Amino acid sequence: MLTIAGKTFRSRLFTGTGKFSSPEVMQEALLASGSEMVTVALRRVDLANPADDIMRVLDRDHFFFLPNTAGARNAAEAVRLAKLAQASGGGNWVKLEVTPDPRTLLPDPVETLIATEELVKAGFVVLPYMNADPILALRLQDAGAAAVMPLGSPIGTNQGVLTRFQVAIIIEQARVPVVVDAGIGAPSHAAEAMEMGADAVLVNTAIAVAGDPVRMAQAFAKAVEAGREAYEAGLGARRTEAEASSPQGGLDFLRE
Amino acid sequence: MFVAPDFQQLRARIAASGPEAVERALAKGRLELDDLAALLSPAAESSLAVMAQRSAQLTRQRFGNVIQLYAPLYLSSFCTNRCAYCGFSAGNAMPRRVLSFEEAEAEAMILHDRGFSHILLVSGEAPAKVGVEYLETVALRLRDKFAAIAIEVQPLETDEYARLFAAGITSVAVYQETYDRTVYDQVHLAGKKRDFDYRLATPERAATAGLREVGIGALLGLSDWRAEGLAMGHHLSYLRKAFWRTGLTVSFPRIRPAKGEFAPLMPVSERDLTQLIFALRLFDPDLGLYLSTREEARYRDGMLGLGPTRYSAGSCTVPGGYGDTAATGAQFEIGDQRSLDEVSEAIRAKGLDPVRKDWDAVFQQQDQGRRRAA
Amino acid sequence: MITILCNGESRRLEREMSVEELLASLGLNPETVVVELDGRILSRPDYAVTKLTEGATLELIRFVGGG
């Protein structure tokens with residue numbers, strides 16, 4: 001079981017709620033994923049379509065809402081969005097996203113650290129989305145982050161865990177759960193992250209835009225479980241070169 | 001705060017490791033504590049050559065073809081503790097001495113002129129003779145002349161470590177001696193050192209104060225070396241997570257004949273020591289590993305390139321002994337009597353570079369960043 | 001007649017009204033909407049007792065899909 005800030009999750013697959021073709025498809029896909037935590041964004045109400053509330057289909061008793069700060073370009077905007085999310089009944093959890101570059105949507109490490117410090121002081125449970133930088137992960141943990149969410153590859157690219165080497169270091173050093181976020185484009189990517197020892201993955205686009213989002217959600221659920229199982233079972237190490245099974249000599253100097 | 005695991009449970013965990021566990025550990029990239037237990041077990045003894053090969057490979061990958069050289073500088077032989085195994089123990093009748101600042105500086109200059117830029121300041125635990133102020137003064141006098149100044153003295157408080165760091169001390173070594181509480185109580189007969197837990201928390205205090213490097217170790221020969229190794233693994237894992245800015249080192253002092261004629265309670269052979277060194281290298285490839293002149297030249301030469309990264313050379317364990325070679329009152333007898341040049345030559349003969357410097361204490365200052373409160 | 005700025009658009013209201021009345025007139029369920037009035041977040045119980053005055057700047061915000 002995965003525990004973040006005292007809350008336990010049976011499923012290690014977190015899902016996003018963006019980009020689905022309809023609220024109904026989203027609902028069915030998220031139920032099929034087995035996911036217990038879903039991310040949501042905050043936006044101005046569209047006054048032309050005031051009844052267009054896609055959240056009406058999600059049972060808050062079934063899905064734990066993790067509001068994000070998507071759209072924030074600096075720490076101040078992120079803190080404001082987090083407080084709005086809290087006022088919206090989103091609880092005190094927040095997936096912190098600070099993405100000043102609209103082209104890549106890569107997270108700003110400096111503003112993310114500043115916002116994490118502020119939000120932790122204000123009593124939030126902060127899960128920062130971050131580039132896969134091990135030192136940044138440590139600094140965010142030092143600042144009180146409840147989990148860290150390194151990206152596998154830039155958001156929406158479906159490229160998989162291109163940051164594999166860095167994510168492995170983050171996992172090895174982590175004092176809090178590591179959730180690989182962004183870039184997970186196929187179930188095999190999710191399994192790979194889980195095999196490496198990630199505590200969870202967050203998937204949105206790959207499910208939302210699949211030909212059949214419901215079946216894709218099921219596929220991700222299986223992949224996450226398989227990856228976790230493999231990690232816990234203990235994978236054999238990959239080798240870059242063959243190693244002699246019985247090396248000769250080298251210790252002849254030993255006397256005792 | 002680090003809590004020492006129960007020593008008997010550590011022994012049981014190691015004893016339960018079979019050949020399959022050893023096989024698994026040797027096949028892994030990143031080792032966990034269970035893997036360390038396996039590599040420390042008797043089941044791993046037949047794999048010592050494989051461990052040597054992997055240890056050598058990891059050491060080369062992480063540190064390059066380099067051995068760092070250092071020398072101890074004994075400041076004082078006064079000690080208020082009575083420890084059954086130590087030549088400086090309060091009960092031992094021997095000439096005692098504390099160096100004046102001028103004498104300490106003169107000794108240091110001898111080492112400096114020999115080419116050392118890493119020194120280790122050592123003293124017994126006698127705060128009235130060698131306290132924080134004394135150490136601070138020595139550090140300030142030496143910081144411009146040495147790249148790294150480590151201390152192996154009595155455990156201090158966090159603010160005291162911070163003060164010494166500001167004065168130029170770069171690292172702190174505090175050996176637990178044994179992680180076996182029962183034996184710890186038996187061999188530490190009197191003095192402040194009787195407090196196992198205060199000593200155990202010392203590396204954390206030093207790391208909290210911002211020291212660049214913290215060293216731990218067990219005095220081999222007091223209790224079961226395998227369980228000491230696993231206990232150190234636990235300690236290192238804790239320190240790595242809690243103090244990620246701090247470099248970690250391990251020393252492997254093996255009990256040698258000393259003035260008190262203390263015979264090891266559980267003797268550790270060269271082969272045992274070797275297995276312990278390899279197991280810890282495989283468990284944590286980033287560790288600085290010390291192999292001091294307690295060990296003989298033959299063994300030290302044999303181990304070159306296989307795991308240890310730091311060698312002392314030309315050491316003297318008598319305060320004032322570098323200037324006055326007739327001085328008596330050593331903490332322990334030296335196993336490798338060779339000079340720095342001779343040791344350097346042996347290192348070069350193995351295709352390694354003897355390095356005398358890798359940092360300048362004069363650069364260091366308090367971190368302005370927000371340090372995690374331990 | 002007063003004018004307010006709501007989600008960036010200028011709106012004319014027939015009379016002074018509470019936030020709750022405005023949300024009702026827009027067909028919005030107050031349980032799903034958070035209101036920021038002149039840069040300050042209103043708590044839900046205040047919707048009924050907070051009057052909108054000339055020049056008020058309102059942000060009406062709610063959860064939408066997001067990753």
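Order of the sequence lines fixes the chain letters, A, B, ..., with proteins taken first and strands second; residue numbering starts at 1 for each chain. In what follows, every heavy atom counts, from backbone to side chain, and hydrogens, waters and symmetry copies are set aside. Keep in mind it's a predicted model, so treat the numbers as computed, not measured.
The environment of E229(A) atom CD is sparse: at most 12 non-hydrogen atoms of other residues, nucleotides or ligands sit within 6.0 angstrom. At most 12 heavy atoms of other shown residues, nucleotides or ligands fall within 6.0 angstrom of atom NZ in K222(A). Atom CZ of R338(B) has more than 12 heavy atoms from other residues, nucleotides or ligands within 6.0 Å. Within a 6.0 Å sphere centred on CZ of R62(B), other residues, nucleotides and ligands contribute more than 12 heavy atoms. Other residues, nucleotides and ligands place no more than 12 heavy atoms under 6.0 Å from the CD atom of E225(A). In this structure, E23(B) places its CD atom where only 12 or fewer heavy-atom neighbours from other residues, nucleotides or ligands lie under 6.0 Å away.
Distance check, rounded to the nearest 0.5 Å: CG of L48(B) to CG of L251(A) gives 5.0 Å. With rounding to the nearest 0.5 angstrom, the OG1 atom of T274(B) is 5.5 Å from the CZ atom of F253(A). Atoms CG and CZ, from L138(A) and F243(B) in turn, are 13.5 Å apart once rounded to the nearest 0.5 Å. Once rounded to the nearest 0.5 Å, the distance linking CZ of R255(A) with OH of Y299(B) reads 13.0 Å.
Checked by atom type and distance alone, the side chain of R30(B) never pairs as donor or acceptor with a backbone atom of E172(A) at under 3.5 Å. The closest donor-acceptor contact from the side chain of K241(B) to the backbone of A174(A) lies under 3.5 Å.
The choice from E270(B), R240(B), R24(B), E32(B) that makes the most heavy-atom pairs within less than 4.5 Å of chain A is E270(B). Ranked by heavy-atom pairs under 4.5 Å with chain A, the first of M303(B), R298(B), R271(B) is R298(B).
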Derivation and outcome, side chain to side chain contact (heavy atoms under 4.5 Å, CB included), residues R245(B) and D142(A):
CA-CA 11 Å; R245(B) 288 178 174 84; D142(A) 290 353; 3.5 Å; yes
Please step through side chain to side chain contact (heavy atoms under 4.5 Å, CB included) for the pair W244(B) and R139(A), ending with a clear verdict.
CA-CA 10 Å; W244(B) 55 271; R139(A) 294 293 301 256; 3.6 Å; yes
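Looking at L273(B), neither its backbone nor its side chain comes within 4.5 Å of chain A, counting heavy atoms on both sides.
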